[in-house]
K.L.:
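Sending over a structure as structure tokens; questions will come in a sec.
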Amino acid sequence: MNTSAADRVVIVGASLAGLRTAEALRQNGFAGRLTLIGAEPHEPYDRPPLSKTVLSGWLGTDQVLLPRTCDLHAEWLLGVPATGLDPAAREVRLADGRAVAFDRLVLATGARARRWSDPAEAALRGVHLLRGRDDADLLRADLAEAVEANGRVLVIGGGFTGSEVASSCRDLGLPVTVTQRGAAPLAGALGEVVGSAIGERQQAHGIDLRVRTTVRRLEGDASGRLRRARLSDGSALDVRVAVVAVGSVRDTGWLRGSGLTADERGVSCDAACRALDAEDRVVDGVYVAGDVARWRHPRFDTGPVSFEHWGNAVDQAETVAHNMMSEDVRENDALPAFWSDQFGLNIKAVGMPAVADQVVLAQGSFEHGPFVAVYGRTGVTVGAVAVNSPRVLDGYAALVTERAPFPPVIDALRSPGRMVPVDSRIPHPVQELVTVLEGQS
Amino acid sequence: MRIVVDLNRCQSYGQCVSAASEVFRFRGKESLEYDHVPDAASDAAVRRAALACPVQAITLATATEEISPTEAAHR
Ligand SMILES: Cc1cc2nc3c(=O)[nH]c(=O)nc-3n(C[C@H](O)[C@H](O)[C@H](O)COP(=O)(O)OP(=O)(O)OC[C@H]3O[C@@H](n4cnc5c(N)ncnc54)[C@H](O)[C@@H]3O)c2cc1C
Ligand code: SF4
């Protein structure tokens, strides 16, 4: 691909994936015009600390900015969302009426936290979402008041964000209830077997964990302040703060009418991060990276998925920059990986545990101390999760890469003895995302 | 100085904590926490930490320019 100085690259979404794409383009020698468009007024910052060190009070939101590893000589249009894309005119429209022309475009608009379904309840003071810096500042201020009043925090949803928020609230000394629709926290990503093991450790830290429970109603007082939550188990809780952590939706509404295949689940692209149209044809010059990308990972026999993982944003950014600057088209086949820190537990995963049908305990014990669980799908090792044992994960990553048979053969000294794979109990919505291509193993 | 640590890569060896304990610390046994925007007074220690990390998980900022929001759109 030619990269004349007249080339204009526009990146929509000025966060991790957008920034890393810009850096990689410059490092690969891109000398053309570079524009980053960001809906948030802030320069790029790191999101993972928002639910951890920021919420628990160690760092301010101005202490999680992302470093830049080279001068970008870019134009930054911050605080103004893109509202439309015209691929034929090669133009992005902005909320303030401006239009920005491009030769090549990168979509890196990530995801938004899914809102509470009832708008009146969502508008109560004390009801929060957590995705960005501004959310974190608002929530922190409210939690500080809750500490004064010793008010209870309700976390709606026991996924990673919800669990980390619950952990940080316990650090602040607050009483915390977590409701989880399914049978265990983290079950959507890790299955109910491992999720239950982690749930027991959450309870040991004083979390009032309500599984198979939903929130029916959030009630406020006359001043519009949250006071009470009514749960599906018939109970009512006096709560001062509620954090809605019920998943996310990709930020793709602005792409309506652009001819790209885009909805709440992401923008379709191929493994080389090139956007696809409705007929699955590559849209020339349009690339996708990060949480907003929905694609088929070449190492797994599944349908298209999006990975809400920090590492995926970095990997795809590099793939986009490479493919813009080089004739040889590279697929991103880096093994998915993510971490979470909560309740003194360091949780690290590789591969795609969420598509597994079976799981086996490979090291340690679910009850106490560190453990490693390995995941399999139709007899192939597809993932692993390590709790408080980050140094052993590389070995398991190698098993996933080589598609080792499941259950894998593991060093007898380390394994807890007889390995008995059990149903991983991944709840259905995740499995439904997946198209099984049987017989490929 | 600005930094970011790739916590997928980090194996919690703790060399960074020894090198710059005001910037890096552990929560629980294995969870690394750090300030992305440490004080200039820690610059030398942070550089030592990045060099000491056995898996090169720590990225240091080398950019010299500030981000300046542009007002004029181009077309
Ligand atoms: C609280 C929290 C904790 C997390 N913890 C972990 C963790 O421990 N481990 C892990 O692996 N991952 C974690 N993640 C996920 C990780 O942060 C994301 O995978 C990563 O931020 C994805 O980067 P991105 O650039 O693709 O998207 P985002 O970071 O979502 O950035 C997208 C940007 O695009 C902007 N934007 C959206 N629409 C428009 C528009 N129309 N025009 C212009 N700009 C737009 C947004 O404002 C945003 O700034 C966490 C996420 C959150 C929210
Ligand atoms: S030195 Fe590197 S591997 Fe060790 S804790 Fe620090 S960042 Fe992690």
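Worth knowing before you read on, the calculation uses all heavy atoms, side chains too, and leaves out hydrogens, waters and symmetry mates. A quick note: this is a predicted structure, and the numbers were derived from the prediction, not measured. A note on names: the letters A, B, ... follow the listed sequences, proteins ahead of strands, and every chain is numbered from 1.
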K.L.:
Any idea which heavy atoms bring B/A63 and A/C70 closest together, and the distance?
P.N.:
CB-O, 3.4 Å
K.L.:
Measure the shortest side-chain to side-chain distance between A/D62 and B/V37 over non-hydrogen atoms and say whether it is less than 4.5 angstrom.
P.N.:
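No, their side chains stay 4.5 Å or more apart.
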K.L.:
Using non-hydrogen atoms and a 4.5 Å limit, figure out which bit of B/Y34 sits close to chain A: side chain, backbone, both or neither.
P.N.:
both
K.L.:
Quick test of your reading of the model: are B/E30 and A/R391 salt-bridged, counting only N-O distances below 4.0 Å?
P.N.:
yes
K.L.:
For chain B, find which of A/K52, A/Q342, A/H309, A/E43 contributes the most heavy-atom pairs closer than 4.5 angstrom.
P.N.:
A/E43
K.L.:
Shorter than 4.5 Å, heavy atoms on both sides: which option in A/V350, A/I347, A/L72, A/L36 has the most such pairs with chain B?
P.N.:
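Between A/V350, A/I347, A/L72, A/L36, the count favours A/L72.
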K.L.:
State which residue, out of A/T53, A/D171, A/D341, fulfils the side-chain hydrogen bond (donor to acceptor under 3.5 Å, both in side chains) condition with B/R27.
P.N.:
A/D171
K.L.:
Could you check whether B/R9 pairs with A/D394 (Lys NZ or Arg NE/NH1/NH2 to Asp/Glu carboxylate O, under 4.0 Å)?
P.N.:
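No, this pair does not count.
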K.L.:
To the nearest 0.5 Å, tell me how far A/F338 CZ sits from B/N8 CG.
P.N.:
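Between atom CZ of A/F338 and atom CG of B/N8 there are 9.5 Å.
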K.L.:
Where the side chain of A/Q63 meets the backbone of B/H36, is there a donor-acceptor pair that is under 3.5 Å apart?
P.N.:
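Not a single qualifying donor-acceptor pair exists.
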K.L.:
Would the distance check show the side chain of B/K29 and the main-chain N or O of A/S389 forming a donor-acceptor pair, the cut-off being under 3.5 Å?
P.N.:
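No; judged by distance alone, with no hydrogens or angles, the pair does not exist.
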K.L.:
Of the non-hydrogen atoms in A/L65 and B/R2, which two are nearest, and what is the gap between them?
P.N.:
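Looking at all heavy atoms of both residues, the closest pair is CD1-NH2, 3.4 Å.
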K.L.:
Give the minimum heavy-atom separation between B/L60 and A/T69, together with the two atoms involved.
P.N.:
O-CG2, 3.9 Å
K.L.:
Can you give me the closest heavy-atom contact between A/P390 and B/C10, atom names plus distance?
P.N.:
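Taking A/P390 first and B/C10 second, the nearest heavy atoms are CB-O, 4.5 Å.
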K.L.:
Against chain B, label A/L393 side chain, backbone, both or neither, depending on which of its atoms sit under 4.5 Å from a heavy atom there.
P.N.:
neither
K.L.:
Which bit of A/P41 is near chain B, if near means a heavy-atom gap under 4.5 Å: side chain, backbone, both or neither?
P.N.:
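Neither part; nothing is under 4.5 Å.
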K.L.:
Is B/E66 salt-bridged to A/R68, going by a charged N under 4.0 Å from an acidic O?
P.N.:
no
K.L.:
Tell me yes or no: between the side chains of B/T64 and A/D71, is some donor less than 3.5 Å from an acceptor?
P.N.:
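Judged by distance alone, the side chains do pair up.
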K.L.:
Heavy atoms only, distances under 4.5 angstrom: which of B/D6, B/T59, B/L32, B/V55 has the most pairs with chain A? Name it, please.
P.N.:
B/D6
K.L.:
Would you name the heavy atoms of B/I67 and A/P44 that are closest together and state the gap between them?
P.N.:
CD1-CD, 3.8 Å
K.L.:
Distance check, rounded to the nearest 0.5 Å: A/K348 atom NZ versus B/S12 atom OG?
P.N.:
5.5 Å
K.L.:
Tell me whether the guanidinium CZ or amine NZ of B/R25 lies under 6.0 angstrom from the six-membered ring centre of A/W58 and within 45° of its axis.
P.N.:
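The answer is yes, since B/R25 meets both limits relative to A/W58.
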K.L.:
Pick from A/L66, A/L78, A/V80: which one has the most heavy-atom pairs with chain B under 4.5 Å?
P.N.:
A/L66
K.L.:
Could you look at A/H73 and say if it's the side chain, the backbone, both or neither that has a heavy atom under 4.5 Å from chain B?
P.N.:
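When you check distances to chain B, atoms from both the backbone and side chain of A/H73 fall under 4.5 Å.
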